[in-house]
Amino acid sequence: MDQILTELDSRLFEMLSKSSNRVYFYYADVKKNVARWSPSAVEYFGLPGEILSPSTLWDEKVHPDDYAEYQQTFIDMVTHVTPKQNCEYRVTNAQNEYVWVNCHGYMNYDETGYPVFFAGFVTNMGTVNKIDAVTGLWTGYGFRHDVAKMLEMDQSGAAMQIDIDNFKQINASYGYQFGDKVLRVIGQKIHQACGPQVKVYRMDGAQFAVCMNGDKQQLLDCKDRMLREIEELSVDGVRLHIDYYIGATVFPNDAAFIDQIQSNLYYSLAHAKQERATDLVFFSRHLYEERNCRLRLNSYLKRSIGEGFRGFRLVLQPVIDAKTGELHSAEVLLRWNNEHFPKIGPAEFMPLLEETQRIIPVGKWLIDRAFAMISEWNQNTGEKRLPHININFSYIQLVDETLKDYVIGKLDEYHLPHDMLVAELTESCKIEYSDDLAQILHSYREEGVMIALDDFGTGYASLMVLKDIPADIVKLDYTMIRTIEDRPKDRNLVEFIITYCNQMEIEVCTEGVETEQTLGIVKEAGATYIQGYYYDKPLETDEFYEKYIRRPSGRLGTFQ
């Protein structure tokens, strides 16, 4: 490990390590996945030694409730949102007790932008300042102290935690110094809105907390006054719209201990983010149970991946050429079977795979299995009866620097033409779209891979994104298609989008086609491809092979 440092650097690390018993230093070789920790950290946290290999052994000490937020800091560094880490979370010490720590770190990158070196220090929360230097507000340590004191005095109260959702974009657009001014102004506005009897705190990153000796209604009144102040801001002449999520809890009704209260705020705030709630979300027992369910689900997903992707399988849904009625493609869909979650569907487990970045290894497994299957079919039939295969790609997958070489390598390994692959961009790509992602997508197209924009017409997808995203195909979401028989306005909108795309030389696939009448409408409008239950539901791979590959029956469906 010391080979990555000079002798002087290594001596400096050793001197820093001896300088404090409550500040713990570390550095890590990211590519080798090896880290070195100061001797005091080894002793206090009960680490197996100064050298952790893999470095992710530290991750196993993080409290499950804090893990997602902790992991997000690394995602932000890897994706170049910021090179800095600054977060608070709980880890186990040598006595296997959870303690709060504050972690500061900095990521170093090579000339290609790949993370190579990470270093920083972990501070015991008992040593941090009570006043935030940027905003002048009380810190998260002060929040814990004040709430604990209220509980000791048997006082009831209410608290809320506010997360400024678009703060990263503000930093990226105007710089960190301007961002600090924004935080300072927001803190002042919240303090003014809530009044002198209510304490306001600057928590980790762009999060604030409010605590009052009051009830739920008083907290709601405070929230309303606060939002009127912060939704529209002017800082140094720059007008800003602030996006936010808010979680809240009351005590002692919801909790009687400080750790429970902070967990409740975390649960409610996480739910607000997950549901993109536009209003405050109060903690409830249902949220707690839902969160625990997600933790259990995450644990079983991790175990399945570690056991060779046990329980994962592929299903295929045909995509039909609208003019010929013949098979054009098959969309690969992921399924997962688990005895503890017998009825689990992609809508439940896919977001967790993305949040934890486990979608990266799962996605590579899916790609390999799909290409191997098609190669075997080609050998069995002696011809290529499946012209294209559609595979979904999330933003997290696409920004993984190893993915493109993996995809192209697998296509070549299985002797498949590059244009056989249609990469479908999920909603996350439209939300996180950037110039860097645009370059990545163009690099795929240069290799011959086709690009499809999935779920068009929902969420952030609109006609405007077509001028930025290099799409060969637009897939109209089933929510747009299902109403075109009964609602003339919806039908006119679908017809307009198809006409517009055709003029842009972009092919259109209509999803969710279930009836002959709907099929007739979209075909007359000029749709290129059809997907939906009118032709077939997603099929097991063996069933798809028998029906469409081994013994294809020619044109499909009854309406041609």
Side-chain angles (χ1 to χ4, degrees), residues 68-89 102-109 113 115 118-121 123 128-143 160-194 199-210 223 226-247 265-266 269-270 272-273 276 278 395 399 431-437:
E69 190 168 352
Y70 162 82
Q71 187 66 24
Q72 185 62 46
T73 64
F74 287 96
I75 295 173
D76 289 346
M77 288 187 287
V78 170
T79 57
H80 296 273
V81 173
T82 174
K84 300 177 182 179
Q85 183 190 51
N86 178 14
C87 62
E88 296 175 2
Y89 55 92
N102 184 275
C103 188
H104 284 265
Y106 192 89
M107 185 71 76
N108 181 260
Y109 307 86
F118 181 59
F121 58 92
T123 306
V128 299
N129 294 328
K130 290 187 178 182
I131 301 297
D132 175 55
V134 174
T135 63
L137 299 173
W138 299 97
T139 62
Y141 179 81
F143 175 85
M160 62 180 170
Q161 191 159 336
I162 306 103
D163 187 311
I164 307 304
D165 184 52
N166 60 331
F167 186 71
K168 292 175 185 176
Q169 289 92 325
I170 293 173
N171 268 341
S173 299
Y174 302 102
Y176 287 95
Q177 187 174 359
F178 181 84
D180 285 346
K181 287 185 179 181
V182 173
L183 290 175
R184 189 157 51 248
V185 171
I186 291 176
Q188 292 169 354
K189 294 287 187 181
I190 295 175
H191 191 271
Q192 291 169 6
C194 294
K199 277 199 169 183
V200 181
Y201 308 83
R202 160 84 186 283
M203 308 298 274
D204 183 50
Q207 292 190 355
F208 297 84
V210 170
K223 180 263 302 183
M226 176 192 73
L227 295 184
R228 287 195 293 268
E229 293 288 338
I230 71 170
E231 282 188 295
E232 295 289 343
L233 289 182
S234 178
V235 179
D236 288 350
V238 178
R239 294 188 64 82
L240 302 168
H241 176 77
I242 302 299
D243 297 324
Y244 54 83
Y245 295 108
I246 308 174
L265 287 173
Y266 173 76
L269 185 58
K273 291 180 178 180
R276 298 189 177 277
T278 57
Y395 175 81
V399 297
I431 297 173
E432 304 287 348
Y433 193 76
S434 64
D435 291 340
D436 290 339
L437 181 57

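In plain terms, the two heavy atoms of Ile242 and Ile186 that are nearest each other are CD1-CD1, 4.3 Å. A pairwise comparison of heavy atoms in Ala193 and Glu229 identifies CB-CG, 4.0 Å as the closest pair. Across Tyr109 and Pro83, no two heavy atoms sit closer than the pair OH-CA, 3.6 Å. Pairing each heavy atom of Gln207 with each of Leu269, the nearest pair is NE2-CD2, 3.7 Å. For the pair Asp132 and Thr135, the tightest heavy-atom approach, listed with the atom from each and the gap, is OD2-OG1, 2.7 Å.
Tyr244 is listed as a side-chain neighbour of Leu227, based on a closest heavy-atom distance under 4.5 Å. Thr73 places none of its side-chain heavy atoms less than 4.5 Å from the side chain of Tyr89. Using a 4.5 Å heavy-atom cutoff, the side chains of Tyr245 and Arg276 are in contact. Annotation: side chain of Cys103 is in contact with side chain of Gln85 (closest heavy-atom distance under 4.5 Å). Taking 4.5 Å as the limit, some side-chain heavy atom of Asn102 sits within range of a side-chain heavy atom of Asn86.
For the atom pair CD of Glu69 and CG of Asp163, the computed distance is 7.5 Å after rounding to the nearest 0.5 Å. Taking CE from Met203 and CD1 from Ile162, the interatomic distance works out to 9.5 Å, rounded to the nearest 0.5 Å. Here the CD atom belonging to Glu231 is positioned 13.0 Å from the CG atom belonging to Leu240, to the nearest 0.5 angstrom. A distance of 10.5 Å separates NZ of Lys189 from CD1 of Ile230, quoted to the nearest 0.5 Å. Between the CZ atom of Phe118 and the CE atom of Met77 there is a distance of 4.0 Å, given to the nearest 0.5 Å. Note that the CD1 atom of Ile246 and the OG1 atom of Thr278 stand 10.0 Å from one another [nearest 0.5 Å].
Looking only at distances, a side-chain donor or acceptor of Asn166 sits under 3.5 Å from a matching main-chain atom of His241. A distance-only check finds a donor-acceptor pair linking the side chain of Arg202 to the backbone of Gly205 [under 3.5 Å].
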Inset, instruction - Any chance you could lay out the side-chain contact (heavy atoms from CB on, under 4.5 Å) test for Leu265 and Phe143, step after step, and finish with the verdict? - result: CA-CA 12 Å; Leu265 287 173; Phe143 175 85; 3.7 Å; yes

Inset, instruction - Go through the steps to decide whether Tyr201 and Gln161 satisfy the test side-chain hydrogen bond (donor to acceptor under 3.5 Å, both in side chains), and finish with yes or no. - result: CA-CA 9 Å; Tyr201 308 83; Gln161 191 159 336; over 6 Å; no

Side-chain polar contacts of residues 175-184 - donor-acceptor pairs under 3.5 angstrom, sequence neighbours left out - could you list them?
from: Tyr176; atom 1: OH; to: Thr82; atom 2: OG1; distance (Å): 3.1
from: Lys181; atom 1: NZ; to: Asp236; atom 2: OD2; distance (Å): 2.9
from: Arg184; atom 1: NH1; to: Val134; atom 2: O; distance (Å): 3.1

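Ring-plane geometry between His104 and Phe121 is classed as parallel, the angle between the planes falling under 30 degrees on a 0 to 90 degree scale with a further cut at 60.
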